[in-house]
Amino acid sequence: TRDGFAEAIRLADRALELDPRFGFAAALAGNCHMQNIGLGYAADPQFEQKEAIRLLRMALSLDRDDPQTLAWAAWVSASLLRDCESAIEMADRAVALNPNLFTAWNSRGWVYRLAGLPEDALPSFERAIRISPVDPLLHRPLTGMALAFIELGRFDEAIVAAKKAMRQNPSHSVTYR
């Protein structure tokens with residue numbers, strides 16, 4: 001929710017105040033700013049984009065070896081900077097560092113999809129779902145799958161994935177789009 005993202009940003013900012021070297025907190029806040037734009041929550045999209053990019057760069061300067069940090073940074077990089085080559089490298093490194101991390105596989109799927117590789121995105125989304133089949137963020141890989149299926153012209157499969165995503169989180173506007 002809008003309030004949930006605002007609270008996550010507030011808490012990540014507080015974590016960075018307590019530990020300015022906490023790369024994951026910067027990556028999380030950056031991802032929340034990016035999500036604010038994508039979900040239509042941003043009162044000032046330009047500010048949100050600048051903050052997301054600033055926090056992405058901070059996160060990477062602090063910790064290039066944490067798979068969670070890399071996963072969030074890859075998604076922000078592909079979404080906002082359109083630097084898909086670097087984003088793919090980060091996403092691949094995230095899953096190599098922790099092949100059992102839902103966030104890494106989900107982000108990898110989104111990165112590959114944004115890079116124009118929907119066929120390559122599908123196995124990442126499927127792996128995220130297998131790793132954490134009752135994850136509270138399960139709607140994200142399902143939505144990513146639906147979009148990848150649309151891009152591949154596999155509309156019946158897109159409908160199935162989108163309906164599953166809607167059942168997981170009926171308020172996620174990206175699924176409806």
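- Side-chain atoms of Phe149 and Val160, non-hydrogen and from C-beta on, never get closer than 4.5 Å to each other.
- Both Met145 and Leu152 are part of a single hydrophobic cluster, where members link through side-chain heavy atoms under 4.5 Å apart.
- Side-chain atoms of Arg2 come within 3.5 Å of backbone atoms of Tyr41 as a donor-acceptor pair (strictly under, hydrogens ignored).
- Ring pair His172/His139 is perpendicular by interplanar angle, where above 60° counts as perpendicular and below 30° as parallel.
- Once rounded to the nearest 0.5 Å, the distance linking OG of Ser107 with CZ of Phe102 reads 9.0 Å.
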Run Leu101 and Ile131 through side-chain contact (heavy atoms from CB on, under 4.5 Å) and show every step you take. CA-CA 7 Å; Leu101 183 62; Ile131 286 170; over 6 Å; no
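- Between the side chain of Arg127 and the main chain of Pro99, a donor-acceptor pair closer than 3.5 Å is present.
- Distance check: Asp83 CG to Leu114 CG gives 12.0 Å after rounding to the nearest 0.5 Å.
- Both Leu117 and Val111 are assigned to one and the same hydrophobic cluster, defined by single-linkage of ILVMFWY side chains at heavy-atom distances under 4.5 Å.
- Residues passing the side-chain hydrogen bond (donor to acceptor under 3.5 Å, both in side chains) test with Arg154 are Glu157, sequence neighbours excluded.
- Minimum interatomic distance between Gly109 and Phe125 (heavy atoms only, all atoms of both residues): C-CZ, 3.2 Å.
- Of all heavy-atom pairs spanning Leu138 and Ser132, the tightest one is CD1-O, 3.8 Å.
- Distance check, rounded to the nearest 0.5 Å: CG of Asn31 to CG of Asn36 gives 10.0 Å.
- Contact of the Arg177 side chain with the Val174 side chain is registered, since non-hydrogen atoms from C-beta on lie closer than 4.5 Å.
- With values rounded to the nearest 0.5 angstrom, Cys32 atom SG is found 10.5 Å from Glu7 atom CD.
- Contact annotation: the side chain of Leu70 approaches that of Leu97 to within less than 4.5 Å [non-hydrogen atoms, C-beta and beyond].
- Contact check for Trp75 versus Arg140: side-chain heavy atoms found under the 4.5 Å cut-off.
- Residues Thr69 and Gly23 approach most closely at OG1-C, 3.7 Å, considering heavy atoms.
- Here the CD atom belonging to Glu85 is positioned 11.0 Å from the CE atom belonging to Met90, to the nearest 0.5 angstrom.
- Minimum interatomic distance between Ala29 and Ile9 (heavy atoms only, all atoms of both residues): O-CG1, 4.2 Å.
- The shortest side-chain heavy-atom distance between Asn106 and Asp135 does not fall under the 4.5 Å cut-off.
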Pairs under 3.5 angstrom only: tabulate donor-acceptor contacts from the side chains of residues 54-64 to other protein residues two or more places apart or in another chain.
residue, atom, partner, partner atom, Å
Arg54, NE, Glu51, OE2, 2.9
Arg54, NH2, Glu51, OE1, 2.8
Ser61, OG, Met58, O, 2.8
Asp63, OD1, Asp65, N, 3.0
Asp63, OD1, Asp66, N, 3.2

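- A heavy-atom distance below 4.5 Å is not found between the side chains of Met34 and Ile53.
- In terms of heavy-atom proximity, Ala15 sits nearest to Ala25 at CB-CB, 4.0 Å.
- Residues Trp110 and Leu147 are in side-chain contact: their nearest non-hydrogen atoms beyond the backbone lie under 4.5 Å apart.
- Partners of Asp92 under the side-chain hydrogen bond (donor to acceptor under 3.5 Å, both in side chains) rule, at least two apart in sequence or in another chain, are Arg108, Tyr112.
- Ile88 and Ala115 get closest at one heavy-atom pair: CD1-CB, 3.9 Å.
- A distance-only check finds no donor-acceptor pair linking the side chain of Tyr176 to the backbone of Ser171 [under 3.5 Å].
- Rounded to the nearest 0.5 angstrom, Asp44 CG and Gln49 CD are separated by 10.5 Å.
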